[in-house]
Amino acid sequence: MATILDDIEPLKQNALGELKNAPDLAALEQTKGAWVGPNGKFTALMKQLGALSKEERPAAGKLINAAKTELETALTARREELEMKAALPKEPADFTLPGRRRALGKLHPLTQVTDDIVRAFRKIGFAVADGPEIEDEYHCFDALNTPADHPARDTQDTFYLAAPPPAPAGKPEPAAKQDVDRAEKLNLTPAEKPLLLRTHTSSVQIRVMEKQPPPVRIIVPGRVYRRDNADATHNPTFHQIEGLYVDKNVTVGDLKGTVEFVFKELMGEDVKIRFRPHYFSYTEPSYEIDFSNSLVKKMGKHWLEIAGCGMVHPQVFETVGYDPEIWTGWAFGFGIERIAMLRYGINDIRLFYENDLRFLRQF
Ligand code: DAH
């Protein structure tokens, strides 16, 4: 008499055949349900186990379990196969196509020029220092010996921050530059005065000298802000490099030699430098540095004004606690955009700030 034992093998073969031939993942899941789901044909067979005699049951159970394992293995194998097939591109790959070029970023031209200037100064032992762009009047002006009525402090030039430090109870709140004058009259302490965006990197000279004893040999590349309307040669924000050298017996000759060395490193051997007497409150004597080379001549000029400099004013040393009888020093500051414009032949400073890729890709 035929028993369910005889049904197991052919049923299993059928199931295996269907699983292996399932054309896609959805069909595979359907096939799985049809065989081993709650109403599946194999499940039905297992339910019949109960009808067997005690003697037949163990052998039948064993057979059915083995068949089930085999089906599960086949199911997993086919599922992996189909999943891999689904992940493959529909079109065959064409290995002769040219590769896809990756867009490489570049350093902004101002960063490139700054890096070159820093490299030149590093060669002669200068370290890079920095300081905050949001400054107080003390570091930006007072400590640099710039009197309160100096035009550099005028509202025309300086961005004062609208949110000053909170006024102490009982004193009125200073709001902006118009309040600076009021602050003067109100006798506010420096901490109560409004903050500003630094108009030059010279403020960092003070911050460095406050922190460390002499000697000092630093440069400070950084962003500065002025209330200028943007045109071809002005922008409300630009960059400077400040230099400060303090030691014993420092001379104007050292200053001139250093400036000349750095500009030759940057622009080549045909560079000429000229010092013209000038006024800065934090240096005495003070000079403006004029620069000349073939590029300047090509612009139809003889000299281009490129930096301010001078011997550090004794009053500045007094302010930071350096003894002016012992220490001498020089300082300079120049605009990075000026140098970049000259170097690359750029005639509008605003180009540096527009982030137009057609411009930036050229460097
Ligand atoms: N701070 C000046 C400016 O922004 C530049 C300058 C002049 C810096 C003379 C100096 C200096 O350190 O000694 O125009």
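Both counts, for ligands and for their atoms, begin at 1 and track the order of listing. Not measured: the values here are computed from a predicted model.
- Using a 4.0 Å cut-off between charged side-chain N and carboxylate O, R79 and E29 make a salt bridge.
- Applying the 4.0 Å criterion to heavy atoms of G310 picks out, from ligand 1, the atoms 13 (O).
- Salt bridge present: R207 and E135 bring a charged side-chain N and a carboxylate O closer than 4.0 Å.
- Ligand 1 has a nitrogen or oxygen under 3.5 angstrom from a nitrogen or oxygen of F332.
- Remark: side-chain polar atoms of T199 are not paired, donor with acceptor, to backbone N or O of V224 under 3.5 angstrom.
- Just one of H239, Q240, R223, E133 meets the side chain to side chain donor-acceptor pair (under 3.5 Å) condition when paired with T201; it is Q240.
- Note on ring orientation: taking the six-membered ring where Trp is involved, the planes of F159 and Y225 are perpendicular (angle over 60°, cut-offs 30° and 60°).
- Annotation: atom 12 (O) of ligand 1 to nearest protein heavy atom, E242 OE2, 2.6 Å.
- Ring geometry, F359 versus F352: the interplanar angle exceeds 60°, so the pair is classed perpendicular (tilted spans 30 to 60°).
- The single protein non-hydrogen atom nearest to atom 14 (O) of ligand 1 is R226 NH2, 3.9 Å, given as residue, atom name and distance.
- The distance criterion of under 3.5 Å between nitrogen or oxygen atoms is met by A331 with respect to ligand 1.
- Ring pair F332/F121: centre-to-centre distance below 6.0 Å.
- Closest to atom 11 (C) of ligand 1 among all protein heavy atoms lies Y282 CE1, 3.6 Å.
- Using a 4.0 Å cut-off to heavy atoms of S202, the atoms of ligand 1 that qualify are 1 (N), 8 (C).
- Proximity to Q205 (heavy-atom distance under 4.0 Å) selects the following atoms of ligand 1: 12 (O).
- With hydrogens and angles disregarded, a donor-acceptor distance shorter than 3.5 Å links the side chain of D24 to the backbone of A27.
- For ligand 1 and F280, the ligand atoms under 4.0 Å from any heavy atom of the residue are 7 (C), 9 (C).
- The protein heavy-atom contact nearest to atom 8 (C) of ligand 1 is G333 N, 3.3 Å.
- Taking only nitrogen or oxygen atoms, main chain and side chain alike, Q240 reaches within less than 3.5 Å of ligand 1.
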